[in-house]
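First listed ligand is number 1; within each ligand, the first listed atom is number 1.
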Amino acid sequence: MKTLRTAILGPTGYTGYWLIDLLLRHPHAEVSYLASARDELPRIDHEFPALAGRCELTCRPIDAQAIADECDVAFACLPHKTAMTHVAALLAAGVRVVDLSADYRLSDADLYESVYQTPHTDRDNLKHAAYGLPELFADDIRDADLVANPGCYPTAAALGVAPLIERSLIDTADIVINAASGTSGAGRSVKPHLHFCEVNEAFYAYACGEHRHQPEIEQTLSRVKGQPVQALFVPHLLPIDRGILETIYLSPKDSDVSIDDLWEAFVDAYADKPFVRLCRDRMPNVKHVRDTNFCDIAVKLVEQGDVRKVVVFSAEDNLIKGASGQAVQNMNVMFGMDETAGLLT
Ligand SMILES: NC(=O)c1ccc[n+]([C@@H]2O[C@H](COP(=O)([O-])OP(=O)(O)OC[C@H]3O[C@@H](n4cnc5c(N)ncnc54)[C@H](OP(=O)(O)O)[C@@H]3O)[C@@H](O)[C@H]2O)c1
């Protein structure tokens, strides 16, 4: 099989770093072009000493035509709003793109503008973007020139709830997603509220019911159900480097829904999906998925007096299944490779 030549825009950030790391281990891909907007272009192993001896490329300017000439696929690891200007130029130059930002995730441009408080400047490409959650939408991803890599929280949420909606086992008017993420979810750039002294020994909720990932989660669940679904999403900041755990509270649709029905829905949905691990005899834990592309899922049916609740637990590494690993998984699907290539080593 031909070796894919890859470009990374934003290689000096966390998702960029992990893409480099994963692509260096990929049997059919190589890191060919690292694109940065800095005035002084860094050598990547000087920026990330962990890459010493593995990748010594010096970053080059972001030049869409040069990237298209040299590469088969480009990964945009840039902040939203910045991403869409470069993605449009890359597509016009003729290279396929996996965008890790939020710019192409919401298919409704007006919704994007209200959630992200900025104009969407690339509505044409938005119309053709595939939402890159391979466990649910692999057919769309295969032929796409532009794949919108899902958000980290939305990945764990969608994988945890979609099978139960597909089987009509839960009341879709009552979905509460309680989530916690490590601080790398906010990126590498310095932010005062993420200093060690602010985060260490702290634990708190933020953006309750108004986080930008809530509409993205609702969009996926609505697509699975075929009609609008709303969810309450409550994120928390965990004082760890990386990892997401979501505890999702749901109501069974009917009184005769059993725990066997719930597990059967997950087994059916994910039996042939290599990156979803169903945890029947252990609880999903951020430590068990660290540095991996796995999403670990468990489900419980709690029955106490009048209370009957379905509780789903979903854990992933925000930088791998929630970002760079999923981006490689999408590349594998786009180019007809084994979905797991480079991701199980
Ligand atoms: N972190 C996660 O867990 C995660 C998960 C899923 C999705 N994402 C999304 O993935 C994207 C990248 O996230 P990240 O965590 O890697 O962020 P990050 O660590 O802050 O890195 C951002 C990268 O973008 C570059 N950049 C920033 N502003 C730029 C501009 N105006 N022009 C060109 N390059 C610019 C930075 O370059 P400099 O080094 O020069 O500043 C850096 O390389 C974001 O859209 C984020 O929302 C992140």
Original post:
Is there side-chain contact between T220 and P154, with at least one heavy-atom pair below 4.5 Å?
Top reply: no

**OP:** State the atoms of ligand 1, each with its element, that fall below the 4.0 Å cut-off from a heavy-atom position in R188.
**Re:** 18 (P), 19 (O), 20 (O)

**OP:** Compute the minimum heavy-atom distance from S36 to ligand 1 and say whether it is under 4.0 Å.
**Re:** no

Original post:
Side chain, backbone, both or neither: which part of R212 comes within less than 4.0 Å of ligand 1 when only heavy atoms are counted?
Top reply: side chain

**OP:** Report the nearest protein non-hydrogen atom to atom 40 (O) of ligand 1: residue, atom name, distance rounded to 0.1 Å.
**Re:** R38 NE, 2.8 Å

Original post:
Side chain or backbone of R105 under 4.0 Å from ligand 1, or both, or neither, by non-hydrogen atoms?
Top reply: side chain

**OP:** Return yes or no for this condition: an N or O of H86 is under 3.5 Å from an N or O of ligand 1.
**Re:** no

Original post:
Can you find an N or O of G151 that's nearer than 3.5 Å to an N or O of ligand 1?
Top reply: no

Subject >> ligand 1-proximal atoms of T15, by part, heavy-atom distance under 4.0 Å >> reply: both

Subject >> Atom indices of ligand 1 within 4.0 angstrom of G10 heavy atoms, with elements >> reply: 43 (O)

Original post:
Around F196, counting heavy atoms of other residues, nucleotides and ligands shown, do more than 12 lie under 6.0 Å from its CZ?
Top reply: no

Original post:
Thinking salt bridges, do R277 and E316 make one under a 4.0 Å N-O criterion?
Top reply: no

Original post:
Atoms of ligand 1 less than 4.0 Å from A323 heavy atoms?
Top reply: 5 (C), 6 (C)

Original post:
What's the verdict on side chain to side chain donor-acceptor pair (under 3.5 Å) for D69 and Q65, showing C-alpha distance, side-chain angles and the deciding distance?
Top reply: CA-CA 6 Å; D69 290 345; Q65 194 56 59; 3.0 Å; yes

Subject >> Contact partition for R242 relative to ligand 1, non-hydrogen atoms under 4.0 Å >> reply: neither

**OP:** Would you mind running through ligand 1 and noting each atom that sits below 4.0 Å from a heavy atom of S101?
**Re:** 45 (O)

Original post:
Quick check: does any side chain N or O of R96 sit under 3.5 Å from a backbone N or O of M334, one acting as donor and the other as acceptor?
Top reply: yes

Subject >> Which residue and heavy atom of the protein sit nearest atom 44 (C) of ligand 1, plus the separation >> reply: L78 O, 3.3 Å

**OP:** Kindly indicate whether the side chain of T155, heavy atoms from C-beta on, has any atom under 4.5 Å from the side chain of C295.
**Re:** no

Subject >> Nearest candidate to atom 33 (C) of ligand 1, where distance is taken over non-hydrogen atoms, out of A37, S181, P154 >> reply: A37

**OP:** Answer yes or no: does atom NZ of K300 have more than 12 heavy-atom neighbours from other residues, nucleotides or ligands under 6.0 Å?
**Re:** no

**OP:** Consider every N or O of G16 and every N or O of ligand 1, then say whether any pair is closer than 3.5 Å.
**Re:** no

Original post:
Ignoring hydrogens and geometry, is there a side-chain-to-backbone donor-acceptor pair from E339 to Q329 under 3.5 Å?
Top reply: no

Original post:
Between the side chain of Q326 and the main-chain N/O of N149, is any donor-acceptor distance below 3.5 Å?
Top reply: no

**OP:** May I ask you to check whether F203 and H236 place their ring centers less than 6.0 Å from one another?
**Re:** yes

Original post:
When you measure from atom 32 (N) of ligand 1 to every protein heavy atom, which one gives the shortest distance, and what is it?
Top reply: T82 CG2, 3.5 Å

Subject >> Proximal atoms of ligand 1 relative to G185 (non-hydrogen, under 4.0 Å) >> reply: 1 (N), 2 (C), 3 (O)

Subject >> side-chain hydrogen bond (donor to acceptor under 3.5 Å, both in side chains) involving R282 - partner list, sequence neighbours excluded >> reply: H288, D296

Subject >> Test item: D254 side-chain N/O and D256 main-chain N/O as donor-acceptor pair under 3.5 Å >> reply: no

Original post:
Can you list the steps and then say if Y104 with D122 is a side chain to side chain donor-acceptor pair (under 3.5 Å)?
Top reply: CA-CA 9 Å; Y104 299 90; D122 190 23; 2.6 Å; yes

**OP:** Applying side chain to side chain contact (heavy atoms under 4.5 Å, CB included) between T6 and each of L23, V328, V98, L34, report the one that passes.
**Re:** L23

**OP:** Using a strict 4.0 Å cut-off to heavy atoms of S184, name the atoms of ligand 1 that fall inside it.
**Re:** 1 (N), 2 (C), 3 (O)

Subject >> Contact atoms of ligand 1, heavy-atom distance to G322 under 4.0 Å >> reply: 5 (C), 6 (C)

**OP:** Could you find the nearest protein heavy atom to atom 15 (O) of ligand 1 and give me its residue, atom name and distance?
**Re:** G187 CA, 3.3 Å

Subject >> atom 22 (C) of ligand 1: nearest protein contact (heavy atom, Å) >> reply: C77 O, 3.8 Å

**OP:** Identify, for atom 38 (P) of ligand 1, the protein heavy atom at the shortest distance, and state residue, atom and that distance.
**Re:** T12 OG1, 3.4 Å

Original post:
By number and element, which atoms of ligand 1 are closer than 4.0 Å to a non-hydrogen atom of L100?
Top reply: 7 (C), 8 (N), 9 (C), 10 (O)

Original post:
Is there a heavy atom in H213 that sits closer than 4.0 Å to ligand 1?
Top reply: no

